[in-house]
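Numbering of ligands and ligand atoms starts at 1, following listing order. Throughout, numbering of the chain's residues begins at 1 and tracks the sequence.
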Amino acid sequence: MEQDRLPGKGSRAAQDVPYLEQLAKIRQVFPQPVSDRTHDAYFVISILRALDQIDAMKSQLPILGQPRQLDYEAARAARMPESMASIEEIAARLVATFHGLPIWSHPRAQVNVIAPPSIPSIIGALLPAIYNPNLVSDDSAFGVAVAEQEAVAIVASLVGMDPNKAAGWFTFGGTGTVLCGVKVGLEKAVPNAMEEGVGDRAVLIASEQSHYCRLNVAGWLGLGEKRVVLVPTNEANEMRVDQLESIASQAIQNGKRIAAILATLGTTDALGLDDLEAIVAVRDRLVERFGLDYRPHVHADAVVGWAWSVFNDYDFRTNPLGFRPRTVRALAGVCRRIARLGLADSIGVDFHKTGFAPYVSSLFLLRDQEDRRFLMRGRNEMPYLFQTGQHHPGKYTLETSRGAGGVLAAWANLHMFGKLGMRCLLGHLVEMAELLREHLEGHEATTVLNDQNFGTVTLFRVYPEGVDTWTIKQREQHDAGAQTLLEEYNEYNRRIFHYLYQRAMQGEGVLLSMTDCYRRSDFGLPIVALKSYILSPFIDAGHIEHLVETILEARRAIDWH
Ligand SMILES: *Cc1c(COP(=O)(O)O)cnc(C)c1O
């Protein structure tokens, strides 16, 4: 008798068994495995409804809904509910979490290096959310594993690596790409670190302007944050290669082994571009001079700058796309450095920054696929995986399960934009950033700080009436007597920033960001800067003029002695 009461035997009506009644509802919250036209439509409409609700939160403001206070107190009171809710209820509550979020694609949101995702990249991220390919192996990813290799080949050839020799895979962010690069280098410098541990002789060399994730990487790899050696930068935010050579030589003479030299192309806040060719030459000289038994690994952190490689074979002389001369100069100025990316032993690329894809979409590329062996674990340690199929990234990736959203988002954009689309989009953003610089350089009250870098990001300072902006920048940086002024004007710029923020929340002006320390002065004081990061395809000259007007308005509105 009991046997007959088990589910699946078909003898119990669902209404007699409470859990079976719930199960019927539960089955409705999943997309149907076998096409059911009515339910398929219900699934699609549920997504459309959520999108509609979010669209209704758009206004003239560069944010969704209204600004609001974040309530973490209430969050701590959250508990798992006893009973089930409907798709509609949950969708509405999911939508509500987006209140107050900046709309990164809004031309009056110029906050940070956060990309507005394109529609194909959104579809690329959505489909795997439904069908869940796992890139640990092509056993579980099928054609998506091939798409990943296509993206690898496209980017490898774009940056000047041989796609037949290169290897690559997507990982958890730009930080993940730096981690992978340094890990490969660490294994070269400290053989068998994977089995034996790191010891205390390895150092990581990076520029002072490199991303702070160098600390996560050094800490989490067991190198230790204190083993990160920083090389000073010049005023273009580039690593001083002469200093690199002496610092690296010193380290080697002190018995250290170089886990990696981290070149940055370009820096997050200014698009400073290290001279990779010179850095690689230094590395080669070190190997010879000290007769090193390993080749220090050079990883290029190009998560922001890689996108400019679409201009590597653009004809700047005839300029067929018709950019303004100032833009041509800016693009060519970046390419001068970016065109050398193929010299790096490995690089990192973020599609969620300058590739217009949703988070997280980061590609790690090795120039020489043989280098994967440094990360390979023995096949026999993972007996239950990899029995079939031919491509098993899980043998060398840090991740086990690896989602495909980032991969297909990147793949979609590479194929959809093509070089033409990326050139026009990036070129336009640079054109707008250059227009902003023209205004800021032209006005007596403002100075551009990263005037030797040529990206879509502009760091600038605003000064009160009567300040000689011809000389103030140099004085703040180098003059001992100007350090009190520097601090005072830091405060002034903070106040300008807050004014601009208030205006943006009233639907006027532009949502910018502020960096508390763009660089340090020669005396160690932080230099505060306002930052305009232009990534919206919708920006036009009118928005730039509006921004400049609001800055001048802020200057009049602020009460300053
Ligand atoms: C953003 C950034 C990183 C970190 O990348 P995530 O994708 O945020 O992990 C590393 N390096 C540079 C230069 C960056 O701009």
**Asked** Looking at Trp411 versus Phe170, is the centre-to-centre ring distance below 6.0 Å?
**Response** no

**Prompt:** Hey, is Asp350 touching ligand 1 through its side chain, its backbone, both or neither, going by heavy atoms under 4.0 Å?
**Reply:** side chain

**Asked** Would you say Thr267 touches ligand 1, if touching means a heavy atom closer than 4.0 Å?
**Response** no

**Item:** Element-labelled atoms of ligand 1 that are located less than 4.0 Å from some non-hydrogen atom of Gly266
**Value:** 13 (C)

**Prompt:** Can you tell me if CD1 on Ile119 sees more than 12 non-hydrogen neighbours from other groups inside 6.0 Å?
**Reply:** no

**Complete:** The option among Lys353, Gln209, His211, His352 carrying the non-hydrogen atom nearest to atom 1 (C) of ligand 1 is Lys353

**Heavy atoms from other residues, nucleotides or ligands near OH of Tyr396 exceed 12 (cutoff 6.0 Å)** = yes

**Item:** Any N or O of Gly174 closer than 3.5 Å to N or O of ligand 1
**Value:** yes

**Fill in**
ligand 1 atoms nearer than 4.0 angstrom to some heavy atom of Val304 are 15 (O)

**Asked** If you measure every N/O of Thr175 against every N/O of ligand 1, is any gap under 3.5 Å?
**Response** yes

**Request:** List every atom of ligand 1 that sits less than 4.0 Å from any heavy atom of Thr268, numbering the atoms from 1 in the order shown and giving each element.
**Result:** 12 (C), 13 (C), 14 (C), 15 (O)

**Message:** So if I count the atoms of ligand 1 from 1 in the order they appear, which ones are less than 4.0 Å from some heavy atom of Gly173?
**Reply:** 7 (O), 9 (O)

